[in-house]
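One-based numbering, in listed order, for ligands and for the atoms of each.
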Amino acid sequence: MSNSPSSSEVDRISDAQGTKRLLIRQPDDWHVHLRDGAMLASTVDYTARQFARAIVMPNLAPPVTTVEQAVAYRERIAAALPSGRKFTPLMTAYLTDGIEPAEVERGFSEKVFTACKLYPAHATTNSAFGVTDVKKIHAVLETMERIGMPLLVHGEVTHRHIDIFDREAVFIEQVLSKVVADFPALKIVFEHITTADAVQFVEASSPNIGATITPHHLMINRNALFEGGIRPHLYCLPVAKREVHRLALRKAATSGNPRFFLGTDSAPHAVSDKESACGCAGIFNAPVALECYATVFDEEGALDKLEAFASENGPNFYGLPLNGGTVALERTAWRVEDQLAAADTAIVPFLAGSTVPWTFLGRETASVT
Ligand code: NCD
Ligand code: ZN
């Protein structure tokens, strides 16, 4: 891929009256937690107002493991959207040791499941029913490889003796490289990557391996979790790593490499579940998602690469059409709310109380050709 931006990309970064504006094709979020019930109702539009489509994680309690459950969940998401909002949730199946390949295949052929999600058992929030050993799902992976259905992986081993900051790198070595060797044609998205090791793995692998990168892993390193005291709202899984890893992620995201694309991993939790003796993992970045990505790409001098990362690389990887329409952002600073009301509680969003240099202006009706 050429490093120089196309002329249409350049035209759409304008500097009207000294305020930088950016118009990009409508983006998608290739990894989000929309939750259920009252939490779904009060948070879904933070995602739906910015993104045309989103890959919806299946880690509800109980998890989404059947076609019927995914259809019902998709209907609950549609019902929770404000009227007139155009947003397409792309559903995923939660892989368990016992999931039937036929159920996965039926869901894919009926266009209910877009992909399957592999959570190693106990790796993260609501993963107790996850896969205990990849060998147990070999038949499913074989089916997915045959039908061209993407596998989305939470790439961390869960052994207690492995240091938490090493769990992604060890996962590559012990699990992912074996899956890739055993199923060379399987489409795999290495989700929410956090390390230089993951960047290198993706760069060195064949084109059927991609990765999503979150806003928070581009903006914080592990020091942020302990800055002046413990910061539960910056705790997520995989946990943020050293600065060298953050820099590698920023380089990958802004490189123009089509294998890296946007996935927020926005994961709302009630404030009481975060500010607790055993706080939940998950960062709610949906209210500031595109603003964060624009800030990072701007800081890296790579605004011309944002559209590919946010709106093209994901659909191209999944084999889905690009969205029409555009969204607009402007380099005007705003202050993120301290808390947002949600269900009968509150959620503290990513960057709460701080100033973000970019503002999301909304969707434009004019379509991109
Ligand atoms: C996610 C959640 O809360 O559901 N938490 C997180 O820290 N990212 C689960 C996940 O994606 O690991
Ligand atoms: Zn997630």
- Item | Distance-only N or O hit between ligand 1 and Leu237, under 3.5 Å | yes

- Task: Check whether the side chains of Asn221 and His245 place a donor and an acceptor atom closer than 3.5 Å, and report yes or no.
- Result: no

- Message: Do Thr19 and Glu330 pair up side chain to side chain, a donor and an acceptor below 3.5 Å, judged on atom types alone?
- Response: no

- Task: Answer yes or no: does an N/O atom from Gly282 fall short of 3.5 Å to an N/O atom of ligand 1?
- Result: yes

- Please check if any side-chain donor atom of Ser255 sits under 3.5 Å from a side-chain acceptor atom of Asn257, or the reverse. no

- Query: Closer than 4.0 angstrom: is that true for some heavy atom of Asp265 and an atom of ligand 1?
  - Reply: yes

- Query: Just heavy atoms, cut-off under 4.0 Å: does His154 contact ligand 1 by side chain, backbone, both, or neither?
  - Reply: side chain

- Quick one: do Glu299 and Arg250 make a salt bridge, cutoff under 4.0 Å? yes

- Message: Pairing donors with acceptors under 3.5 angstrom, does anything connect the side chains of His154 and Glu156?
- Response: yes

- Side-chain H-bond candidate by donor/acceptor type, Asp97 with Thr132, under 3.5 Å: yes

- Message: When you compare the side chains of Thr214 and Asp265, does any donor N or O come within less than 3.5 Å of an acceptor on the partner?
- Response: no

- Tyr94 vs Tyr119 aromatic rings, parallel, tilted or perpendicular, using cut-offs 30° and 60°? tilted

- Relative to the Zn ion (ligand 2), how many protein N, O or S atoms have a separation of less than 2.8 Å? 3

- Message: Checking side-chain polar atoms at under 3.5 Å, does Lys241 have a donor or acceptor matched by the opposite partner on Thr194?
- Response: yes

- For ligand 1, is there an N or O atom under 3.5 Å from any N or O atom of Lys117? no

- Item | His269: numbered ligand 1 atoms lying under 4.0 Å from its heavy atoms | 3 (O)

- Would you check whether Ala281 has a nitrogen or oxygen atom less than 3.5 angstrom from a nitrogen or oxygen atom of ligand 1? yes

